[in-house]
Every structure is written in structure tokens, then in C-alpha cells.
Amino acid sequence: MMDSSRRRRWGMGVAVVLMYLALAVQFRSASLPLVIMAAIPVSLPGVLLALVLSHQTISTVSLLGLVVLIGMDVTASILLLDAVLLRQVPGKSAWRALLVGAPGRLRPVLMTVMVTLAVMTPLALFPATGMDAYAPLATVIMGGLTMSSVLTLFVVPVLYSLLRGKPHPR
């Protein structure tokens, strides 16, 4: 069991490093992937709260849900940041790009979250016979998405504006 846990931690570490490298190549930046990956820890309080409220423990199935959740969080951050980067004009404030780009991605991100929550709710709250083993997966995704969908829409823009300079609303 300890060997399995050690391999799982090592695998997660390798996955995070590979994700960072892929994002660094895609965005041609060493710092923007950190802004994108800042969405990952934002969802963890929601995950833990959902597991506690549903009287479930961290298991292999819930860790699988965590992997899915991380993918969804990173995707939402990429969508948001990509819209902002497309509107970033050299020599102009990052704040203006945020004000124009971020609202345009709000609806697609929230629609994805709401559809996912709607699909996962029956699995988490009313697991059918044979599907009850996957309830922790749905619980993790629901708890994490609820927390991250609210906070990521604030964390990513704030970190981006701090990275690109002080916001100058004019």
C-alpha cells in the first residue's frame, strides 16, 4: 500500500511538471503557466468540504475525480487567459485586455460547469445499484467545480494583472 501511494505521488508530480512544460511551450512563457495552474489549489477546499459533507473518504476513485477536476480547472483557466491574451495590445494596460476578454469567456465556462454539475448530481446524490462505487468521483468533481468556478474567475485575472503590471483603469 505504501509503494502504491509513493507511485501515485510520483505520478502526480510528473504530471504537474509535464503540464507546466506543455503550457510553457504553448504560451511561450515561463510565468503564464503558473497563472493557469493557480486554479488547481483553488478547488481543493471545495473537494474536501464535499467529501466531509457526504461522509466519504479519499480513495482511488476520488483521486480519479481529482484528476478530472484538475483537467477541467486548467481548461477553464486556459480559455479565460487565451481570450485575454488575444485582446492584449503591446504597450497597453493588461487591465483593458482583462475587461474586454474575461467577460466573453464567462458564459462558456459557467455553461460547462453547470452541465457537468447537472450530470454528476444523480451519480453523487442518488447512486444506482452498481454505480455507487463512483459516487466519490462525482462528489469530488461537484465540490471542486463549485468552488473553483467561482474563485478561478477572480484568481486568474488578478494574477495575470499582477504579472503584467499594475492595473490602470482609465
Taking atom [atom1] of [X] and atom [atom2] of [Y], what is their separation to the nearest 0.5 Å?
| X | Y | atom1 | atom2 | result |
| --- | --- | --- | --- | --- |
| Ser54 | Leu125 | OG | CG | 9.0 Å |
| Ser77 | Leu32 | OG | CG | 11.5 Å |
| Ile141 | Thr146 | CD1 | OG1 | 11.0 Å |
| Ser149 | Leu117 | OG | CG | 7.0 Å |
| Met142 | Met147 | CE | CE | 13.5 Å |
| Arg105 | Leu153 | CZ | CG | 12.5 Å |

Do [X] side-chain atoms and [Y] backbone N/O form a donor-acceptor pair below 3.5 Å?
| X | Y | answer |
| --- | --- | --- |
| Arg28 | Ala24 | no |
| Tyr20 | Met37 | no |
| Ser62 | Ser59 | yes |

Cluster link [X] to [Y], ILVMFWY, side chain under 4.5 Å:
| X | Y | result |
| --- | --- | --- |
| Leu44 | Leu34 | yes |
| Val52 | Met120 | no |
| Leu86 | Val100 | no |
| Val140 | Leu49 | no |
| Val119 | Leu66 | no |

Task: Phe27 and Leu85: CA distance, side-chain angles, deciding distance, side-chain contact (heavy atoms from CB on, under 4.5 Å) verdict - done: CA-CA 10 Å; Phe27 286 100; Leu85 290 173; 3.5 Å; yes
Task: Positive for side chain to side chain contact (heavy atoms under 4.5 Å, CB included) with Val84, one of Leu99, Leu79, Leu98, Val35 - done: Leu98
Between [Y] and [X], is there a side-chain heavy-atom distance shorter than 4.5 Å?
| X | Y | result |
| --- | --- | --- |
| Val155 | Leu159 | yes |
| Asp73 | Val42 | no |
| Val156 | Ile36 | no |

- [ ] List the atom of Leu69, the atom of Leu145, and the distance in Å for their closest heavy-atom pair.
- [x]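 Closest heavy-atom pair between Leu69 and Leu145: CD1-N, 3.5 Å.
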Task: Taking every non-hydrogen atom, the tightest pair across Gly101 and Ala83 - done: O-CB, 3.6 Å
Open item on the list: Quick one, Ile70 with Met19, criterion side-chain contact (heavy atoms from CB on, under 4.5 Å). Give me CA distance, side-chain angles, the key distance, then yes/no.
Closed with: CA-CA 11 Å; Ile70 288 170; Met19 186 177 5; 4.1 Å; yes
- [ ] Run the numbers on Val16 and Met12 for side-chain contact (heavy atoms from CB on, under 4.5 Å), then give the verdict.
- [x] CA-CA 6 Å; Val16 168; Met12 290 289 256; 5.6 Å; no
